[in-house]
Amino acid sequence: MVGTATIKRTENVRCRAAAATTESRWVRWLLIGVSLTFLGLFLAMPLAAVFAQAFSRGWAMYVRSLGDSDALSAIRLTLLVALIAVPVNTVFGVAAAWAIAKFQFFGKSVLITLIDLPYSVSPVISGLVLVLLFGRQGWLGPWLEARGIHVVFAVSGIVLATLFVTFPFVARELIPLMQAQGTEEEEAARLLGASGWQTFRRVTLPNIKWGLLYGVILCNARAMGEFGAVSVVSGHIRGETNTMPLHVEVLYNEYNTTAAFAVASLLALLALVTLVLKSVLQWKTGEQLAPEEQGYTGD
Amino acid sequence: MGIEVRNITKTFGTFTALRDVSLGVATGELVALLGPSGSGKTTLLRIIAGLEEPDPGSGAILFHDEEVARQRVGSRQVGFVFQHYALFRQMTVFENVAFGLRVRPKRQRPSRNLVKYKVLRLLKLVQLESMANRYPHQLSGGQRQRVALARALAIEPKVLLLDEPFGALDARVRQELRQWLRRLHDEIHLTSVFVTHDQDEALELADRVLVMNEGRIEQIGTPDEVFHRPATEFVVKFLGQVNFFHGRLEGDKVHFSTLAWDWPEHAGASAQPARVFVRPHELDVDVERNGHLALQAVVTRIHSAGPNVRLELRAASGEPLCAELTQERFRSLNLSVGNTVYVTPRDVTVFADEAPK
């Protein structure tokens, strides 16, 4: 008799515990419904609209819009800018994250704040700063101009603007990861006789590779999609200083909707690919951190 | 001398981690650095390894009579085992152990076959031959720690340093690994230092124990010396539970509570205050006065599960006491909670207070 009574009581407790963490079915459906409607209205529908518009006058028109020489030149320029900005910011991000996560030094919190600066400043301001510095009436502009170096309304200005806007991505991604992993493995490597470079290449880099790739992909997506900062310094010279986002704007302002959306569809595609890669890598980095947690009881 | 540390001081900002510490470890000896957290034991170990720099201008560190303080971490040839193993998580067990051999400059690097031979021999030594292709996260804590040890031994180190090597393991594995490490040390006779805050571990495993507190060495001695002839009050308190009494030195006796004990060491003192320590197993308990001076107490709690029986007592004066009896003795006394007993010490440790001037 005593036995059954105990069993009943534990069952009772279990039911109550479940109730504490689960809402009623009605609330659950309501929450899911609201989220799905919101997602549909503000994400799925616009995305579908982009592709619908791009193909509204058929495949032939779509291909012709993309094959246009100005469009091709915009695609080339976007790729070129990304090809410069992404590797430079990858090197910088790894160096900064390494310094911040593995060493103690004076002014560390200032450095972290500075890395975040491009996140908090409007891209348009970033572009204006470049004009102020390198424009005709800027501080450095006349000096550079006299030596035949053009920054504003030139490709170098677009590269600079993109570099500024995208530089937190890799560093921000790596700092928490490297901090979580600590410095013990590096210390172990040094004690075993590895040089600084060997330690970095054989121990640190393999430990951060997925997080690094994740940061690089986000950095790339932003480098290709940046509008504000680039728009200020570019000057919108067709076939010369128009990147893909700028080209979309130019076409749209000329009521060339189909062509505008054809180029936009490429950017949308880039976003989708980025999202897929991002979730795959997020899952990989999670996996990378997990084994470390086992067996850690601390003291 | 395997390891010699001379007058090392280390400060972190305003915190002094080590104050003028010197120690010598004989070649082939296994020494424990024992102390509470914050006592500086890990800092001392890391300075010996070269992972921390001692304060500029403080003393020297020698391995086998050779100055190493100015050498880089990698060239000191130190085998180091971390509390949390610090295995390279992206490498297999084999690659972990081989790491120290593979990163050597080309001219000193052993051939592929030699690396393989050496690694497999080490894995055999730590009984993990079958695990060579596993990754660290596929191993248990005890196995990971043995891999860490094999990796440290692979570079044929001059000295072996272990930082709380069993700290992250559960009690049973810890016990096994402890005995295994002692056997291994007897086999390879490598000059070794390990850090621990567990007095049982230090007393069981080490040839000599170095007790540290607040950046200073309190005592260096064999486990027997440290336990039976503690040099300072701190050592007495740190090496296990102890009963404390305020006492008074009078002639060649020390008086405490209602007891007196021969203590010729301070003979001639008159009414000098002293502190008296008695370990639980050094207290004898009887149900009636047996003619000696005894301390009357009441039994408040009995812990009888274990090799010995521990009694919690309250003296007539109100202070709590702890006594430890063998199971046989406990049964013959037939005690239960609430009984009145008479307690006499079998041995005491006395520290005289500074004589007032």
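To find a chain, count down the sequence lines: A is the first, B the second, and so on, and within it residues start at 1.
There is no side-chain donor-acceptor pair under 3.5 Å between A:E226 and A:T162. Between the side chains of B:D55 and B:T11, at least one donor N or O lies within less than 3.5 Å of an accepting N or O.
Contact tally against chain B (heavy-atom pairs below 4.5 Å) for A:G193, A:A194, A:A188: the top residue is A:A188. Residue with the most contacts toward chain B among A:E185, A:Q198, A:E187: A:E185 (heavy-atom pairs, distance under 4.5 Å). Note: B:I155 leads B:V78, B:V81, B:I155, B:D170 in heavy-atom pairs under 4.5 Å with chain A.
Looking at B:L101, neither its backbone nor its side chain comes within 4.5 Å of chain A, counting heavy atoms on both sides. Neither the backbone nor the side chain of B:R76 comes within less than 4.5 Å of any heavy atom of chain A. Proximity to chain A (any heavy atom under 4.5 Å) is restricted, for B:F82, to the side chain, taken from C-beta onward.
Across all non-hydrogen atoms, the minimal contact from B:L153 to B:P157 is O-CD, 3.5 Å. Smallest separation of non-hydrogen atoms from A:F105 and A:A99: CE2-O, 3.3 Å.
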Next item on the list: Evaluate the criterion ring-ring contact (aromatic ring centres under 6.0 Å, His included) for residue pair A:F169 and A:Y119; output intermediate values, then yes/no.
Entry: CA-CA 9 Å; A:F169 286 88; A:Y119 274 160; 5.6 Å; yes
